[in-house]
Protein chains: 2
Amino acid sequence: MEPHPDEFGQQVSHFQEVLKRAGVKQTHQRLEIFREVMQTVEHPDAETVYRGVRQRIPTISLDTVYRTLMLFTDLGLISSLKTSHERMRFDANMHAHHHFVCTECGMIRDFSSPEFDALAIPDAVRAFGSTVQAHVEFRGLCWHCLEKKQHGT
Amino acid sequence: MEPHPDEFGQQVSHFQEVLKRAGVKQTHQRLEIFREVMQTVEHPDAETVYRGVRQRIPTISLDTVYRTLMLFTDLGLISSLKTSHERMRFDANMHAHHHFVCTECGMIRDFSSPEFDALAIPDAVRAFGSTVQAHVEFRGLCWHCLEKKQHGT
DNA sequence: GTACGTGCAAAGAATTTGCAGCCAG
DNA sequence: CTGGCTGCAAATTCTTTGCACGTAC
């Protein structure tokens, strides 16, 4: 899971290739932000990345970190665990249940599945802590967004 | 999944009982906010609940809706799909993977599982749209938070 | 050299809080 | 009656944007 030190060279080559292909410039800041996110297994927020990079580039600004993380997300170099300005949402269904999420419009629908409720906990997960609940999320496009896409092109 | 109209009476009884047990007052606003969240299957945000309730209580304010939704969450009447002021977080792992999440400190760790990647899609989910990806999240407490709890009490 | 990137400061969006009057118990 | 609840407005927090200068290509 954690990248071996000698993998980093490869990752940088990939990084450079992706930037070049996208026609964006390779800057000192971008490389250091990339390094910072690659080096950790902690899913950092922008502020955390900022603090890390600032040790190597003391003049970097937080908004550059934000802009760069967005750029990397758009280029598929990293992913973000929640989309920007995503709001708090509430759920009245208090029974164990799982979700279908439309990645286009944000639609969420519940479904229940005793099978998923009782998913076996892998050893790798036991190593992290004690699990209380398994939650499965299927991500894709809802029919409405699928139709819109087809008519669009 | 969608509550039957005649179930609503029961839900209100439960609502009243929970409020009474917690020693908080039952107000017009609280009942209408509860009704609004119960009536939908859409996992609304605070703004959406506000718009709905305002049709019945035009003078209600958005911050009352926020405070009430938080109260209901604390009382276990509803749940929230992301915790308050949760920040954007970034993930450098671009391979298919799943998460362990500590509900106490927010720690997230990756693990991979070909088995979970290929989870069979239930018919109920097919009805919602076309699934691209299955993602499993195990929620619980990490060892660090577990230890803290034990020492605490 | 030129267009893209950066840092600064200020704006924006979502959520929270302080306070004074109001109403459920 | 009285403390908890509400509505108002202003504060906070996280994230985004406009602009002038700097730098990779």
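Note: hydrogens, waters and symmetry copies are ignored here, and every other heavy atom, side chains too, is used. First the proteins, then the strands, lettered A, B, ... as listed; each starts at 1.
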Problem - A/Y66 vs D/dT15: side-chain N/O to OP1/OP2 distance below 4.0 Å - result: yes
Exercise for the section: Assess A/R54 against A/Y50: is NZ or CZ under 6.0 Å from the centre of the six-membered ring, and within 45 degrees of the ring's axis? Expected result: yes
Problem - Crowding at CD, B/E115 (>12 non-hydrogen neighbours, <6.0 Å) - result: no
Practice task
State whether the side chain of A/H135 and the backbone N or O of A/Q133 hold a donor-acceptor pair below 3.5 Å, judged by distance alone.
Solution key: no
Practice task
Look at the side-chain N and O atoms of B/R30 and state whether any lies under 4.0 Å from the OP1 or OP2 oxygen of D/dC5.
Solution key: yes
Exercise for the section: Tell me whether the OP1 or OP2 atom of C/dG7 has a side-chain N or O from A/T64 closer than 4.0 Å. Expected result: yes
Fill in the blank from the handout: Whole-Å distance, A/L75 CG to C/dG5 C1', equals 14 Å
Practice task
Measure the distance from NZ on A/K82 to C1' on C/dT15 and round it to the nearest whole Å.
Solution key: 12 Å
Practice task
Could you tell me the separation between the CD atom of B/Q29 and the C1' atom of C/dA24, rounded to a whole number of Å?
Solution key: 11 Å
Fill in the blank from the handout: Nucleotide by nucleotide, nucleotides 18-25 of chain D touches protein heavy atoms under 4.0 Å in the pattern (B base, S sugar-phosphate only, - none) B-----BS
Exercise for the section: Scan B/E47 against the nucleic acid and name what it touches under 4.0 Å (heavy atoms): base, sugar-phosphate only, or nothing. Expected result: nothing
Exercise for the section: Give a yes or no answer on whether the side chain of B/T83 reaches the backbone of B/E86 with a donor-acceptor pair at less than 3.5 Å. Expected result: no
Problem - Nearest-angstrom distance from the residue atom CG of B/L31 to P of D/dT6 - result: 12 Å
Problem - Rounded interatomic separation in angstrom, taking CG from B/L19 and C1' from C/dG25 - result: 13 Å
Exercise for the section: Calculate the interatomic distance between A/L62 atom CG and D/dT17 atom P; express it in whole Å. Expected result: 14 Å
Exercise for the section: Look at atom NZ of A/K82 and say whether more than 12 heavy atoms of other residues, nucleotides or ligands are closer to it than 6.0 Å. Expected result: yes
Exercise for the section: Would you check, one step at a time, whether the test salt bridge (Lys or Arg N to Asp or Glu O under 4.0 Å) holds for B/R35 with B/E32? Expected result: CA-CA 5 Å; B/R35 184 198 304 281; B/E32 290 306 328; 3.0 Å; yes
Problem - Whole-Å distance separating the CD1 atom of A/I57 from the C1' atom of C/dG7 - result: 12 Å
Fill in the blank from the handout: The answer to which of B/I60 and B/M88 contacts DNA chain D further toward the 5' end, by nearest nucleotide, is B/I60
Practice task
Please check if the side chain of B/H43 supplies one atom and the backbone of B/V41 the other of a donor-acceptor pair under 3.5 Å.
Solution key: yes
